[in-house]
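Scroll down for the structure; my scribbles are underneath it.
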Amino acid sequence: MKIRTRFAPSPTGYLHIGGARTALFSWLYAKKMGGEFVLRIEDTDRERSTQEAVDAILEGMNWLGLSHDEGPVYQTDRYDRYKEVIKTLLNEDNAYYCNCSRERLDKMREEQMANKQKPKYDGCCRDKGLAEAEDTVVRFKNPLEGDVEITDHVRGKVIVSNQEIDDLIIERSDGNPTYNLTVVVDDWDMKISHVIRGDDHLNNTPRQINILKALNAHIPEYAHVPMINGTDGKKLSKRRDAVSVMQYRDDGYLKEAVINYLVRLGWSHGDQEIFSPEEMIEKFDIDDINKSSSSLSIEKLQWLNQHYMKQMTPVQLAKELQFYIKQANLDITDGPNLVEVMKVYQERCSTLVELVEDIRYFYEDITEYNAKQAKKQFKPAAAEVLQSLKDSYEALDDWSAEAIHQVLENTVEKLEIGFGKVGQPLRLAVTGHGRSPSIDITLELLGKQQTLIRLEKAIEFIESYL
RNA sequence: GUCCCCAUCGUCUAGAGGCCUAGGACACCUGGUUUUCAUCCAGGCAACAGGGGUUCGACUCCCCUUGGGGACGCCA
């Protein structure tokens, strides 16, 4: 049998990080098995589904490179089919019309809760043989006795008593089918062999299996993957955590890092931390997915991101950075060649956003000096050092890192002070803060003219301070 | 409340009864390299939730407790 997996989000918001991981797992498994990955949009909730959300999900999938082999299939395009299945269920006495009012249902639930019982539909209309009417819904006739057994690739065997499951609504009073019916029909029709989805659906599985059985349909294999918690170990929260996948891109993370981070959340292969896409496909297996939920760790993501940034070629990195340069409103037309800057900067940052900010001084005037550094480096004596450097650099024709470095050494010797007393004030003068690549390379990239201007400014700054 | 699921360092995890004095990674700390920062290298701190069984022997199996999560919708 051909392996077919699917990702079936409901378009009520962006693609969130947990959904992305589920999609990744489904995608990896399909790829590994030489199967197909289907994208299905579960938009039967007409109230909440939006086109913007569909676009956002597609954008997220696209960014991560989780391409689908089939779809996107929209459930709203398949209403005729759902109607047909519901009719079959009705005809075969596996479903019935129900005219219980919402008020009655609400009241019943309340009473059951008060009686320390699990709220369940009491089957009031189950044997009434009601006909379709204005306010009727269709309910599935769940078996009254026996157990449902789920064999899950992550959980193992899970057994649920049918007494725990009530007669769920499969068609709303407005004629729209509901989730539990549509997933079942779609997974069946689309010949989905493996349903890989979030843990939150585990409780729905027994009722879905019952519907499948009533339909005499093939029951797929299941893998319910655990949830992802926020950085504090609690449920993901929009306020604390970056939940949307695109937020990670905007925050300066490479898709390679995000994918690698996600694959290791709930899955592992021995002690290996870094996986190329090919390795992931080769080594991933749904039987190796962990049972317990995991928490997000931005530090680890940052480490992975830095790893992938270091691994890129300067040209690739420069290309990748374009998006962030635009976002940061930085104009790089005047200043050193970006690729050259990447060469000396790519090991120094953990996100692309940070990288843009770190190289900003090459392309824009310094508006202020880092206060802490200024206090430390811009002491009165530094003005003299900077003046000496400025004089020497002014006279320097060969603006190469080697020559620049030679000047530095000469200055150290001439003034009889330590390297730190020269290098650090100089670094602060030209970059505005205390960190940069080797100071000679930094100056070379910055250029002679800018170097002299900034030295002059720094000297003025120190003198005005006195 | 009822049902279902889960439980190893702060975090991600290895561990499928003896290989465990519980391994790796991130973070953190220390030292080295670096005129700075970062990288890199060396080292360190740090966990089997608790209690009962089963067994010659439990991180590994069973039960209970505790703690966390999920479901209980005319949402998906």
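Letters A, B, ... are given to chains in the order of the sequence lines, protein chains preceding strands, and every chain is numbered from 1.
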- Item | side-chain N/O Asn290(A) vs A14(B) OP1/OP2, d < 4.0 Å | yes
- Answer with base, sugar-phosphate or nothing: what part of the nucleic acid does Lys235(A) contact at a heavy-atom distance below 4.0 Å? sugar-phosphate
- Task: Tell me what Ser438(A) touches on the nucleic acid: a base, only sugar-phosphate, or nothing, going by heavy atoms under 4.0 Å.
- Result: base
- Return the nucleotide paired to G1(B): Watson-Crick means purine N1 to pyrimidine N3 with N6-O4 or O6-N4, wobble means G-U with N1-O2 and O6-N3, both under 3.5 Å. C72(B)
- Item | Rounded P spacing from G68(B) to U54(B) in Å | 31 Å
- Message: Can you measure Met108(A) atom CE to C72(B) atom P for me and round it to whole angstrom units?
- Response: 15 Å
- Query: Which part of the nucleic acid does Lys310(A) contact within heavy-atom distance under 4.0 Å: base, sugar-phosphate only, or nothing?
  - Reply: sugar-phosphate
- Message: What I want to check is whether an N or O donor and acceptor connect the side chain of Arg102(A) with the base of C74(B) at under 3.5 Å.
- Response: yes
- Hey, does the side-chain of Glu273(A) have a donor or acceptor N/O within less than 3.5 Å of a partner on the base of G24(B)? yes
- Salt bridge or not for Asp166(A) and Lys118(A), using N-O below 4.0 Å? no
- Task: Kindly point out which of C5(B), A76(B), U35(B) is positioned nearest to the side chain of Arg155(A)?
- Result: C5(B)
- Message: Applying the Watson-Crick and G-U wobble criteria at under 3.5 Å, what pairs with U33(B)? Answer none if nothing qualifies.
- Response: none
- Please tell me which of Ser292(A) and Pro177(A) maps to the more 5' nucleotide of RNA chain B, matching each residue to the nucleotide holding its nearest heavy atom. Ser292(A)
- Message: Measure CG/Asn203(A) against C1'/U2(B) and give the value in whole Å, please.
- Response: 11 Å
- Query: With rounding to whole Å, what would you report as the distance between C63(B) and U21(B) at their C1' atoms?
  - Reply: 30 Å
- Of the listed nucleotides U13(B), C6(B), C4(B), the one nearest the side chain of Leu202(A): C4(B)
- Message: Would you measure the distance from the C1' atom in A42(B) across to the matching atom in A47(B) and give it in whole Å?
- Response: 24 Å
- Checking G24(B), A71(B), C40(B) against the side chain of Lys300(A) (C-beta onward), the nearest is G24(B)
- Item | Candidates G69(B), A25(B), A14(B) - which lies nearest the side chain of Met227(A) | G69(B)
- Relative to Phe140(A), does Arg207(A) satisfy both conditions: NZ or CZ under 6.0 angstrom from the six-membered ring centre, and within 45 degrees of the ring's axis? no
- Message: What contact category does Ser436(A) fall into here, base, sugar-phosphate, or nothing, at under 4.0 angstrom with non-hydrogen atoms?
- Response: base
- Message: Using Watson-Crick or G-U wobble geometry with both distances under 3.5 Å, which nucleotide pairs with A7(B)?
- Response: U66(B)
- Query: According to the Watson-Crick and G-U wobble definitions, with both distances under 3.5 Å, which nucleotide is paired to G17(B)?
  - Reply: none
- Query: Which value, in whole Å, describes the distance between the C1' atoms of nucleotides A58(B) and C20(B)?
  - Reply: 11 Å
- Query: Choosing from G1(B), U11(B), C3(B), which nucleotide comes nearest the side chain of Lys116(A)?
  - Reply: G1(B)
- Given U35(B), C12(B), A76(B), the nucleotide with the shortest approach to the side chain of Ser294(A): C12(B)
- Query: So which nucleotide from A25(B), G23(B), U35(B) ends up closest to the side chain of Ile439(A)?
  - Reply: U35(B)
- Reckon His201(A) touches a base, only the sugar-phosphate, or nothing at all at heavy-atom distances under 4.0 Å? base
- Identify, between Asp288(A) and Arg207(A), the residue whose nearest nucleotide on RNA chain B lies closer to the 5' end. Asp288(A)
- Parallel, tilted or perpendicular: rings of Tyr248(A) and Tyr253(A) (30°, 60°): tilted
- Check the distance between C4(B)'s C1' and Lys120(A)'s NZ and give it to me in whole angstrom. 14 Å
- Query: When you compare A22(B) with C9(B), how far apart are their P atoms, in angstrom units rounded to a whole number?
  - Reply: 14 Å
- Item | Criterion side chain to side chain donor-acceptor pair (under 3.5 Å) against Asn410(A), the qualifying member of Gln406(A), Glu413(A), Lys414(A) | Gln406(A)
- Item | Nucleotide nearest Glu347(A) (side chain, heavy atoms from C-beta), chosen from G24(B), U39(B), C26(B) | U39(B)
- Message: Using whole Å, what does the distance between atom P of nucleotide C72(B) and atom CD of Gln112(A) come to?
- Response: 14 Å
- Task: Flag this pair as yes if the NZ/CZ of Arg78(A) is under 6.0 angstrom from the six-membered ring centre of Trp188(A) and inside a 45 degree cone about the axis; otherwise no.
- Result: no
- Tyr96(A)-Asp167(A) side chain donor-acceptor pair, cut-off 3.5 Å: yes
- Message: Using the side-chain heavy atoms of Met113(A), tell me which of these nucleotides is nearest: G24(B), A76(B), G1(B).
- Response: G1(B)
- Task: Could you tell me the separation between the CG atom of Asn162(A) and the P atom of C4(B), rounded to a whole number of Å?
- Result: 13 Å
- Message: Taking U65(B) as the reference, what is the distance to C59(B) when you measure between their P atoms (whole Å, please)?
- Response: 22 Å
- Nearest to the side chain of Val158(A) - U35(B), C74(B), C4(B)? C4(B)
- Message: Taking any heavy-atom pair under 4.0 Å as a contact, classify Pro226(A): base, sugar-phosphate, or nothing.
- Response: nothing
- Between CG of Leu64(A) and CD of Glu256(A), what distance do you get to the nearest 0.5 Å? 10.0 Å
